[in-house]
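Owing to the predicted nature of the structure, the values given are computational and were not obtained by experimental measurement.
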Amino acid sequence: MKKSYVALLRGINVGGQKKIKMADLRVLLEELGLEEVRTYIQSGNIIFKSTTANCTTLEAQIAKRIYDVYAFEVAVLVIGKKAFEDIRKNNSLLSKEDDQKNFYYVFLQDQPEQKLVAALEQEKYPNEVYMITKRCVYLSCLKGYGNAKCNNNFFERKLKVGATARNNRTVEKLLEMFSES
């Protein structure tokens, strides 16, 4: 049975580094046997269907294929449709009144150790509010993400897990793309 997934690639097409054209990426993923592959913008947001039910297996296959073709490593995070929807639904930090353009989801590769989460929850930064869950950090940057201390690298370093961030608009668009398939 085919299931729907989102794959989030970290660090492609940023500052002229690790360039991958989305049309080429779609073909590459279809060659892996993934179906109904669609991308959103140039930063590595992919919706697809697969009979493979294991996200870790899909991550490894996609990362290996990209390495085989482009000779550089890319961190890949695959999330099932239901889990992705739940991450958005369980976001109690963002309200309709909030400035949604300054709201981000920092998706975590693995669940961080509780002691690291507890230590980080004690830290406070001006104009930045975050809430840490098992697989996502909800982040509001009142002065914008580009000016935020609490960025993707910050959370990777503090929580000792891989991560990739997406703004609220991208998450909403990916959810919309799920409903179109």
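One finds the CE atom of Met177 at 12.0 Å from the CZ atom of Phe48 (value rounded to the nearest 0.5 Å). To the nearest 0.5 Å, atom NZ of residue Lys82 and atom CG of residue Asp86 are 3.5 Å apart. To the nearest 0.5 Å, the span separating CG on Leu28 from CD1 on Ile66 amounts to 6.5 Å. Distance check, rounded to the nearest 0.5 Å: OG1 of Thr170 to CD1 of Ile41 gives 4.0 Å. Note: Lys149 NZ to Cys141 SG = 13.0 Å, rounded to the nearest 0.5 Å. The CZ atom of Arg157 sits 13.0 Å away from atom CG of Leu116, with the distance rounded to the nearest 0.5 Å.
No continuous path of ILVMFWY side-chain contacts below 4.5 Å connects Val106 to Leu175, so the two sit in separate hydrophobic clusters. Both Val78 and Val74 belong to a single network of hydrophobic side chains, linked directly or stepwise wherever heavy atoms of I, L, V, M, F, W or Y lie under 4.5 Å apart. Linking ILVMFWY residues whenever their side-chain heavy atoms come closer than 4.5 Å, directly or via other members, leaves Met131 and Leu120 in distinct clusters. No single ILVMFWY cluster, assembled from side-chain heavy atoms under 4.5 Å apart, contains both Val27 and Val69. Side-chain heavy atoms closer than 4.5 Å link hydrophobic residues (I, L, V, M, F, W, Y) into clusters, and following such links, possibly through other members, connects Leu32 to Met22.
Val6 has its side chain out of reach of Ile46: every pair of non-hydrogen atoms, C-beta onward, lies at least 4.5 Å apart. When side chains are defined from C-beta on, Lys158 counts as touching Glu123, because their heavy atoms get closer than 4.5 Å. The side-chain heavy atoms of Lys101 and Asn167, taken from C-beta on, include no pair separated by under 4.5 Å. Between Thr133 and Ile87, every side-chain heavy-atom pair lies at or beyond the 4.5 Å cut-off. Contact check for Leu142 versus Asn102: no side-chain heavy atoms found under the 4.5 Å cut-off. For the pair Leu58/Tyr5, a side-chain contact is recorded, criterion being any heavy-atom separation below 4.5 Å from C-beta on.
Contact between Ile20 and Gln42 at its shortest, heavy atoms only, is O-OE1, 4.3 Å. Listed here is the closest heavy atom pair of Val117 and Pro112: CG2-CG, 3.6 Å. Pairing each heavy atom of Val76 with each of Glu59, the nearest pair is O-CG, 3.4 Å.
Pairs engaging residues 125-141 under the salt bridge (charged side-chain N to carboxylate O under 4.0 Å, His left out) rule: none recorded [sequence neighbours left out]. Every pair passing salt bridge (charged side-chain N to carboxylate O under 4.0 Å, His left out) that includes a residue from residues 65-78 is listed here, sequence neighbours excluded: Glu31-Arg65, Lys64-Asp68.
For Asn152 (side chain) and Ala163 (main-chain N/O), a donor-acceptor pair under 3.5 Å exists by modelled atom type. For the pair Thr52 (side chain) and Asn54 (backbone), a donor-acceptor distance under 3.5 Å is absent.
Here Phe107 and Phe84 bring their ring centres to under 6.0 angstrom of each other. Between Phe155 and Tyr130, a ring centre-to-centre spacing shorter than 6.0 Å is recorded.
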*Could you please spell out the steps behind the side chain to side chain donor-acceptor pair (under 3.5 Å) verdict for Glu156 and Gln109?*
CA-CA 10 Å; Glu156 282 187 323; Gln109 192 80 42; over 6 Å; no
*List the steps, then state whether side-chain contact (heavy atoms from CB on, under 4.5 Å) holds for Leu8 with Arg166.*
CA-CA 9 Å; Leu8 305 172; Arg166 296 299 187 271; 3.6 Å; yes
*Could you go through the side-chain contact (heavy atoms from CB on, under 4.5 Å) check for Leu9 and Leu25 one step at a time?*
CA-CA 11 Å; Leu9 307 186; Leu25 181 61; 3.8 Å; yes
*List the steps, then state whether side chain to side chain donor-acceptor pair (under 3.5 Å) holds for Asn45 with Ser43.*
CA-CA 6 Å; Asn45 304 292; Ser43 57; 3.1 Å; yes
*Start with the C-alpha distance between Glu35 and Lys49, add both sets of side-chain angles, then the distance that settles salt bridge (Lys or Arg N to Asp or Glu O under 4.0 Å), and finish with yes or no.*
CA-CA 5 Å; Glu35 298 177 25; Lys49 290 188 178 182; over 6 Å; no
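Glu172 has no carboxylate O lying under 4.0 Å from a charged side-chain N of Arg169, or vice versa, which leaves the two without a salt bridge.
The only member of Phe103, Tyr105, Tyr145 that meets side chain to side chain contact (heavy atoms under 4.5 Å, CB included) when paired with Leu139 is Tyr145.
More than 12 heavy atoms of other residues, nucleotides or ligands lie within 6.0 Å of CZ in Phe72, so this atom counts as buried by the packing criterion.
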